[in-house]
Colleague: 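Okay, handing you the structure first.
Atoms within each ligand, like the ligands themselves, are counted from 1 in listed order. Because the structure is a prediction, the values reported are computed rather than measured.
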Amino acid sequence: MSAPEIKKSILDHLTYSIGRPPSLASKQDYYKALALTVRDRLQQHWVETVQAYLEQDLKVACYLSAEFLMGPHLGNNLLNLGIENEVRQAVKEMGCELDELLAEEEEPGLGNGGLGRLAACYMDSLATLERLALGYGIRYEFGIFDQEIRDGWQCEITDKWLRSGNPWEIAKPEITYYVNFGGHTEYYRDEAGAERIRWVPDRAVKGMAYDTPIQGYRVNTCNTLRLWSAEACESFDFQAFNTGDYYGAVDDKVISETITKVLYPNDEPEIGKRLRLLQQYFFVSCSLQDMLRLLDAQGQPTQRFPEKFAVQLNDTHPSIGVAELMRLLVDERRLSWEDAWDITVLTFGYTNHTLLPEALETWPLPLFRELLPRHLEIIYEINARFLASVRETHHQDDEHVKRLSLIDENGEKRIRMAHLACVGSHAINGVAALHSELLKRSVLKDFYELWPERFNNKTNGVTPRRFMALANPKLSELITRTIGDGWITHTEELRMLEPFSEDAAFRKEWRLVKQSNKQQLADYILKQTGIELDPSWMFDVQVKRIHEYKRQHLNILHVITLYNRLKRDPKLAIAPRAFIFGGKAAPGYFIAKRIIKLINAVGEVVNNDPDVNKKLRVAFVPNFNVQNGQLIYPAADLSEQISMAGKEASGTGNMKFTLNGALTIGTLDGANVEIRDEVGEENFFLFGLTTEETLRLQQQGYRPYAYVEGNSELAEAIRLIASGHFSHGDTEVFRPLVDNLCQSDPFLVFADYADYIACQDKVAGVWKDPENWTRMSILNTARAGKFSSDRAIREYCDEIWDVRPVPIMIKDKT
Ligand code: GPW
């Protein structure tokens with residue numbers, strides 16, 4: 001597509017789609033016209049991809065996820081289509097700057113953090129690897145809240161991402177399904193006289209599909225992200241209208257549509273809210289009904305379902321799908337239980353993303369009975385058969401059987417969704433090598449002993465398109481000029497950079513790129529916060545959700561330690577550092593919100609104290625999201641991956657930093673272990689207790705205060721926080737935080753403090769030798785190839801889904 005063609009198409013869209021003459025068009029209008037122009041191009045690939053699926057007997061990967069954190073589409077689509085230069089020229093001729101138009105896009109924040117972003121990276125890799133795939137999820141009207149910082153506190157602003165419309169999606173009013181809730185079940189006899197069960201619901205909503213094209217990188221494959229939006233059912237409205245309850249009908253409509261109103265902003269811990277269960281069942285039911293419709297459309301028998309669809313459960317959030325597919329097959333398609341169960345287990349795979357016990361989903365049985373009475377019966381039946389087979393074939397004792405049961409009978413009865421997912425899936429995986437091992441030893445131990453062959457590891461990955469080629473154009477240009485552009489789809493080729501780490505001229509270029517990225521980030525931070533950062537300083541970055549287990553407070557204790565050292569001796573020669581933080585806290589997470597306040601409070605004191613602010617600065621970047629993440633990762637020198645060992649399932653931010661040449665300071669947790677294996681221990685700053693050591697320490701009886709007594713720097717830092725030094729004399733604001741650490745410290749911040757500080761001192765030492773630091777930085781990028789989502793998706797396709805590449809031909813359009 002040439003620049004003049006693009007220009008013509010933009011002008012046409014301004015006139016015919018938007019209805020605004022160019023002379024009156026705003027930047028937003030231009031953005032939309034450009035987006036529609038790009039979408040037209042995608043649509044050609046999209047139609048051919050769907051066509052290939054319908055015409056050939058192919059298997060498709062269905063990724064079921066309550067979250068898809070896609071980030072802005074425009075830049076990524078230009079990159080993947082390879083038309084950025086032409087578009088830049090075209091818009092310039094119309095008096096616009098492409099970068100200004102890119103900034104007009106509201107990012108779809110339909111996820112909380114790692115789990116949702118992983119789903120987005122996997123969609124990119126599936127299309128790029130030419131594998132047919134459907135992403136199924138929820139079209140939340142309000143995504144993750146926008147975060148503002150006022151007086152150091154987080155404020156949540158509703159995310160009205162659809163406010164100006166969304167040019168990337170296509171509403172499909174013809175693709176709708178009914179989803180039932182509530183009511184009761186009853187027996188009846190079918191035409192053949194057989195006794196059957198039917199669900200008599202008392203409410204229904206309609207789910208409507210909104211499709212977004214997912215274009216692969218420089219291939220013709222264009223897959224679909226299909227998000228469901230809830231609408232009221234006309235049939236129910238009419239009923240109420242006929243009985244004269246007009247307002248009641250409108251009420252019903254409002255209640256129905258609340259199902260997809262808002263994303264729950266909780267990252268790891270589950271909140272167990274009724275509406276959340278409704279959301280999960282709603283999108284899963286629509287998705288499975290959609291697959292059955294596709295199967296019918298191809299004239300395929302129901303038995304072939306597992307040959308046509310591989311359905312992956314992104315954590316337990318969609319695991320009700322196991323019971324729903326059984327219901328659809330047994331109640332609606334009248335398959336035998338045994339046949340339906342074989343199909344179900346062959347179809348599903350389950351990915352676990354956490355070991356935190358408080359994050360494992362369970363639903364109170366009464367809630368389940370009220371909303372999904374038929375599913376409760378099905379789960380009872382699955383459980384009865386499962387436990388009977390366990391007793392029979394494995395001679396398990398009662399305790400064992402209780403532990404395996406889908407129902408937790410300790411206290412208030414609850415359904416264990418992870419158990420449902422395990423029983424209903426032929427493959428169960430963790431998201432990093434360590435995590436997959438720990439799963440087998442802890443939360444899923446009993447299932448591992450039952451079915452060792454179902455367990456496997458799929459270490460996470462991130463897309464090098466968005467997080468390198470798009471986010472870091474300068475580094476990408478340098479790399480491509482040096483080793484060619486094969487690395488964009490074959491990241492293992494980054495290895496060819498290794499010898500250049502010994503090349504002083506190359507190192508200089510590498511440093512200049514980093515410097516320029518840091519300048520860009522410094523400009524952004526200045527604009528957002530008023531805090532000035534010097535790009536020649538070390539940029540020490542921790543961006544991720546705020547969580548005690550991720551230990552942002554350990555990081556801030558280091559800042560306070562350096563502050564104290566400088567106050568004691570203002571002439572102390574320390575390597576100047578900018579500490580950059582970013583991340584959202586769940587609105588109801590009390591301690592996490594105080595951690596944000598503490599970071600900002602320490603920042604205020606440090607940044608305004610002339611004794612220290614020539615060597616130390618602290619900035620909290622508000623509203624960390626995909627868009628500003630793309631500015632942050634390429635500008636980091638040091639990546640903070642300091643979770644308590646055994647708590648972070650994988651991490652994916654750690655991979656984004658490594659690919660962009662940041663060095664990591666980290667614990668042996670999640671994928672950090674594999675990052676260190678790849679880049680070499682000499683190029684990684686390791687500290688902290690191992691998982692085994694943390695377990696031992698906690699078994700022995702951990703006394704956090706002993707560490708304060710034994711470490712004068714730690715004692716001084718804690719004393720300062722408690723004294724109100726960072727809070728204008730207020731000794732109350734941080735008391736809950738200080739008390740929590742001194743009295744219980746559940747994530748062993750104090751136990752790891754001394755080693756962390758010692759390791760940070762080592763980091764500062766290495767930073768003093770820029771040539772060596774740069775050498776290490778280059779080697780980090782060169783050896784990060786394993787952490788591409790392409791590698792991860794190949795493994796899923798080959799080892800779990802059996803989904804092969806299908807090159808898409810574009811038929812000549814005349
Ligand atoms: F609790 N993760 C997340 F396991 O971002 F479901 N949200 C979640 O709700 C959960 C996990 C859940 C993250 C993990 O914390 C992170 O370690 C991992 O890299 C990421 O999922 C993707 O696997």
Colleague: Please list, chain by chain and in numerical order, all residues satisfying side-chain hydrogen bond (donor to acceptor under 3.5 Å, both in side chains) with Thr691, sequence neighbours excluded.
Modeller: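 If we apply the side-chain hydrogen bond (donor to acceptor under 3.5 Å, both in side chains) test to Thr691, skipping adjacent residues, there are no hits.
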
Colleague: Which one of Leu115, Asn112, Leu356 has a non-hydrogen atom at the shortest distance from atom 3 (C) of ligand 1?
Modeller: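 Looking at heavy atoms only, the winner is Leu115.
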
Colleague: Suppose we screen for side-chain hydrogen bond (donor to acceptor under 3.5 Å, both in side chains). Which residues come up paired with Asn456, at least two apart in sequence or across chains?
Modeller: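 Scan of Asn456 (side-chain hydrogen bond (donor to acceptor under 3.5 Å, both in side chains), adjacent residues dropped) gives Lys458.
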
Colleague: Of the listed options (Glu358, His317, Glu648, Arg117), which comes nearest to atom 17 (O) of ligand 1 when hydrogens are ignored and any heavy atom counts?
Modeller: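 Among Glu358, His317, Glu648, Arg117, the closest heavy atom to atom 17 (O) of ligand 1 belongs to Glu648.
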
Colleague: Side chain of Glu156, backbone of Pro587: donor and acceptor closer than 3.5 Å?
Modeller: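 It does not hold such a pair.
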
Colleague: Would you say the ring centroid of His553 lies under 6.0 angstrom from that of Phe747?
Modeller: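 No; Phe747 has its ring centre 6.0 Å or more from that of His553.
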
Colleague: Does the N or O separation between Val431 and ligand 1 drop below 3.5 Å for any pair?
Modeller: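 Val431 vs ligand 1: no N/O contact under 3.5 Å.
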
Colleague: Nearest heavy atom to atom 19 (O) of ligand 1: which of Ala418, Gly430, Gly651 does it belong to?
Modeller: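 The option holding the nearest heavy atom is Gly651.
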
Colleague: State which residue, out of Thr362, Leu372, Ile407, Leu277, fulfils the side chain to side chain contact (heavy atoms under 4.5 Å, CB included) condition with Ile415.
Modeller: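 Exactly one pass, corresponding to Ile407.
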
Colleague: Are any of the N/O atoms on His353, whether in the backbone or the side chain, positioned under 3.5 angstrom from an N/O atom of ligand 1?
Modeller: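 In this structure, His353 places an N or O atom under 3.5 Å from an N or O of ligand 1.
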
Colleague: If the threshold is 4.0 Å, N to carboxylate O, is there a salt bridge linking Lys786 and Asp677?
Modeller: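 Not counted as a salt bridge, because no side-chain N and carboxylate O are separated by less than 4.0 Å.
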
Colleague: Can you tell which of Asn314, Asp315, Leu118 gets a heavy atom nearest to atom 12 (C) of ligand 1?
Modeller: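 Among Asn314, Asp315, Leu118, the closest heavy atom to atom 12 (C) of ligand 1 belongs to Asp315.
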
Colleague: Under 3.5 Å, N or O to N or O, is Asp267 touching ligand 1 that way?
Modeller: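 So ligand 1 has an N or O lying under 3.5 Å from an N or O of Asp267.
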
Colleague: How are the rings of Tyr756 and Phe687 set to each other: parallel, tilted or perpendicular (split at 30° and 60°)?
Modeller: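 Judged by the thresholds at 30° and 60°, the geometry between Tyr756 and Phe687 is tilted.
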
Colleague: Using a strict cut-off of 4.0 Å, indicate which atoms of ligand 1 neighbour a heavy atom of Tyr549.
Modeller: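 Close to Tyr549: 15 (O).
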
Colleague: With heavy atoms only and a cut-off of under 4.0 Å, state how Arg545 meets ligand 1: side chain, backbone, both or neither.
Modeller: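 Under 4.0 Å from ligand 1, Arg545 contributes no heavy atoms.
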
Colleague: With a cut-off of 4.0 Å, which atoms of ligand 1 are near a heavy atom of Ala649?
Modeller: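 Close to Ala649: 17 (O).
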
